[in-house]
Amino acid sequence: MQLQPIPNFAIHYHNQTLDLSYPHIMGILNVTPDSFSDGGRYNHIDQGLRHTEQMIKDGATIIDVGGESTRPNASPVSEQEEIDRVIKVVEAINHHFGEQVWISVDTSSPTVMTLTSQVGAKIWNDVRALTRPDAIATAAKLDIPVMLMHMRGEPTTMNQLDNYQDLYTDVITELQQRIDEVMAGGVRRDNLIIDPGFGFAKNAQQNLAWLNEFYRLHTFNLPVMVALSRKRFVGEVLKSANLPHDPTDRDVASMVVGLFAVQQGACILRTHNVAATKAGLAMWQATQQAKAL
């Protein structure tokens, strides 16, 4: 592990700017019936708004709305069903909290992203890295910040695709290929954010190894987002220590591994438990300030 300062990046959408030179918390709002840790809890607009309000109070500056579960072996949903799940929620969040928070949409569908951008979404979080038909062209047309995540295959197949000749070199090479492809299709470089894809086509040991070498991602000279919250490998570590390890038992450990990434330059932490993440960041920031005195 090599400690790295958070680089001086920012993202822009229309007339708004999000300064990424310090860590941001992305609160997760799943409006799905089958997400691995909170499926079905926030399917109704009023439930989603209450949870969004609480996450903002707890310190979230980005709310990531997802209408399709991408957990291992998750079943795909139709585009119309995804639209039905997310569009009104995004619109309501923007109406009530649009001045306080940036809205991200966790989708691989160009149609979903186009429609949600019209009602307040400002970031496209795509676990498939714009590989769906027309996704690159849509991202270029919308001129919207995009999170490109490393994954092999689909959620139904990715667990069988974790064979790497060299874990770090292969992931970096595959991400670079994707960056080159989307830029060739018209997506501006300053709209890109990188996500190494913890838990996607990577086993527990590979996730831990990447966490220890997270600083390598700065080879791209792009902002880096990290999504570690309640991941299976966190539960496996807790289980090996004879500790409770169900998804909701993983929040403290998730906060800790998120701090490992921040110490190596991550600027966005995607999390289910905003309050715990904010507490960890507050302690980290206090130590950074004390060191500077």
Side-chain angles (χ1 to χ4, degrees), residues 1-11 20-21 23-24 26 64 70 72 104 106 108 123-132 135-136 139-140 145-155 157-229 231-234 237 254 257-270:
M1 184 182 296
Q2 292 185 11
L3 302 186
Q4 298 277 346
I6 297 175
N8 188 25
F9 292 117
I11 54 173
L20 299 180
S21 64
H24 287 265
M26 172 188 274
D64 192 41
T70 53
S104 166
D106 183 357
S108 297
I123 301 173
W124 187 348
N125 179 18
D126 187 1
V127 299
R128 296 178 179 86
L130 303 182
T131 55
R132 290 267 176 89
I136 294 176
V146 179
M147 295 177 173
L148 295 179
M149 194 194 78
H150 177 269
M151 178 172 65
R152 290 174 167 179
E154 290 284 330
T157 62
M158 63 185 179
N159 283 349
Q160 289 76 51
L161 300 173
D162 59 0
N163 297 314
Y164 298 89
Q165 288 188 336
D166 181 285
L167 175 66
Y168 312 116
T169 300
D170 290 355
V171 170
I172 286 173
T173 298
E174 290 166 20
L175 272 172
Q176 185 61 61
Q177 289 172 345
R178 201 68 205 126
I179 292 168
D180 293 343
E181 288 166 358
V182 303
M183 288 180 60
V187 177
R188 292 190 298 116
R189 183 177 178 83
D190 58 6
N191 272 339
L192 297 179
I193 301 166
I194 294 302
D195 176 356
F198 284 96
F200 289 81
K202 300 168 190 70
N203 62 36
Q205 287 303 308
Q206 290 166 342
N207 287 314
L208 292 167
W210 248 122
L211 190 60
N212 203 41
E213 302 287 326
F214 192 88
Y215 67 91
R216 292 175 182 250
L217 294 164
H218 292 296
T219 188
F220 298 114
N221 194 31
L222 289 169
V224 184
M225 186 268 275
V226 63
L228 294 155
S229 183
K231 290 294 175 78
R232 180 181 296 180
F233 82 94
V234 177
V237 171
S254 297
V257 293
L259 289 182
F260 292 162
V262 169
Q263 288 180 311
Q264 297 177 79
C267 61
I268 299 174
L269 290 177
R270 184 178 184 271

Pairing residues for Asn221 by the side-chain hydrogen bond (donor to acceptor under 3.5 Å, both in side chains) criterion, not counting sequence neighbours
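Applying side-chain hydrogen bond (donor to acceptor under 3.5 Å, both in side chains) to Asn221 gives none.
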Value rounded to 0.5 Å, distance of CD in Gln176 from OG1 in Thr169
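Taking CD in Gln176 and OG1 in Thr169, the distance rounds to 13.0 Å.
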Taking the side chain as every heavy atom from C-beta outward, state whether Leu222 and Arg189 have any pair of such atoms under 4.5 Å apart.
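Contact flag for Leu222/Arg189 side chains = yes.
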Enumerate the residue pairs fulfilling ring-ring contact (aromatic ring centres under 6.0 Å, His included) with a member in residues 171-199, sequence neighbours excluded, ordered by first and then second residue.
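Residue pairs with at least one partner in residues 171-199: there are none.
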Got a sec, which residues hit salt bridge (charged side-chain N to carboxylate O under 4.0 Å, His left out) with Arg128, two or more places apart in sequence or on another chain?
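Salt bridge (charged side-chain N to carboxylate O under 4.0 Å, His left out) check on Arg128 returns Glu68, Glu154.
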Return the set of residues passing salt bridge (charged side-chain N to carboxylate O under 4.0 Å, His left out) with Arg188 (not counting sequence neighbours), or none when no residue passes.
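Expected list: Asp143, Asp190.
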Tell me, do Gln264 and Val226 make a side-chain contact under 4.5 Å, heavy atoms counted?
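When only atoms from C-beta onward are counted, Val226 and Gln264 do not touch, as no gap falls below 4.5 Å.
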Is there side-chain contact between Asn207 and Leu228, with at least one heavy-atom pair below 4.5 Å?
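A side-chain contact is absent here, since even the closest heavy-atom pair is not under 4.5 Å.
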Can you name the nearest heavy-atom pair linking Leu269 to Gly258, along with the distance?
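Closest heavy-atom pair between Leu269 and Gly258: CD2-O, 3.5 Å.
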Take Trp124 and Leu130 through the test side-chain contact (heavy atoms from CB on, under 4.5 Å) and record every step on the way to the result.
CA-CA 10 Å; Trp124 187 348; Leu130 303 182; 3.7 Å; yes
Please say which of Ile193, Ile268, Ile194, Leu217 ends up in a side chain to side chain contact (heavy atoms under 4.5 Å, CB included) with Pro223.
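Going through the options one by one, the only one that passes is Ile193.
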With Asp126 via salt bridge (charged side-chain N to carboxylate O under 4.0 Å, His left out) - residues at least two apart:
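For Asp126, no residue satisfies salt bridge (charged side-chain N to carboxylate O under 4.0 Å, His left out) once neighbours in sequence are set aside.
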Applying side-chain hydrogen bond (donor to acceptor under 3.5 Å, both in side chains), name anything that partners Arg132, two or more places apart in sequence or on another chain.
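By the side-chain hydrogen bond (donor to acceptor under 3.5 Å, both in side chains) rule, Arg132 matches no residue at all.
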Can you name the side-chain hydrogen bond (donor to acceptor under 3.5 Å, both in side chains) partners of Glu181, sequence neighbours left out?
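So Glu181 forms a side-chain hydrogen bond (donor to acceptor under 3.5 Å, both in side chains) with Arg178.
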Can you find a heavy atom in the side chain of Val182 that is under 4.5 Å from one in the side chain of Val146?
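Answer no - side chains too far apart.
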Please identify each residue that fulfils side chain to side chain contact (heavy atoms under 4.5 Å, CB included) with Gln4, with sequence neighbours left out.
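Result, side chain to side chain contact (heavy atoms under 4.5 Å, CB included) vs Gln4: Gln2, Tyr215, His218.
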Non-neighbouring partners of Asp195 that pass side chain to side chain contact (heavy atoms under 4.5 Å, CB included), sequence neighbours left out:
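Checked Asp195 against side chain to side chain contact (heavy atoms under 4.5 Å, CB included); matches are Met149, Met225, Ala227.
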Ignoring hydrogens and geometry, is there a side-chain-to-backbone donor-acceptor pair from Lys231 to Ser229 under 3.5 Å?
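Not at all, since once roles are kept as given, no pair shorter than 3.5 Å links the two residues.
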My understanding is that only residues two or more places apart in sequence, or in another chain, count here; which of them pass ring-ring contact (aromatic ring centres under 6.0 Å, His included) with Tyr168?
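Trp210.
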Mind checking what makes ring-ring contact (aromatic ring centres under 6.0 Å, His included) contact with His24, not counting sequence neighbours?
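With sequence neighbours excluded, His24 shows a ring-ring contact (aromatic ring centres under 6.0 Å, His included) to Tyr22, given in chain and number order.
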According to the ring-ring contact (aromatic ring centres under 6.0 Å, His included) rule, which pairs have a member within residues 173-196, sequence neighbours left out?
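The answer is none; no pair qualifies.
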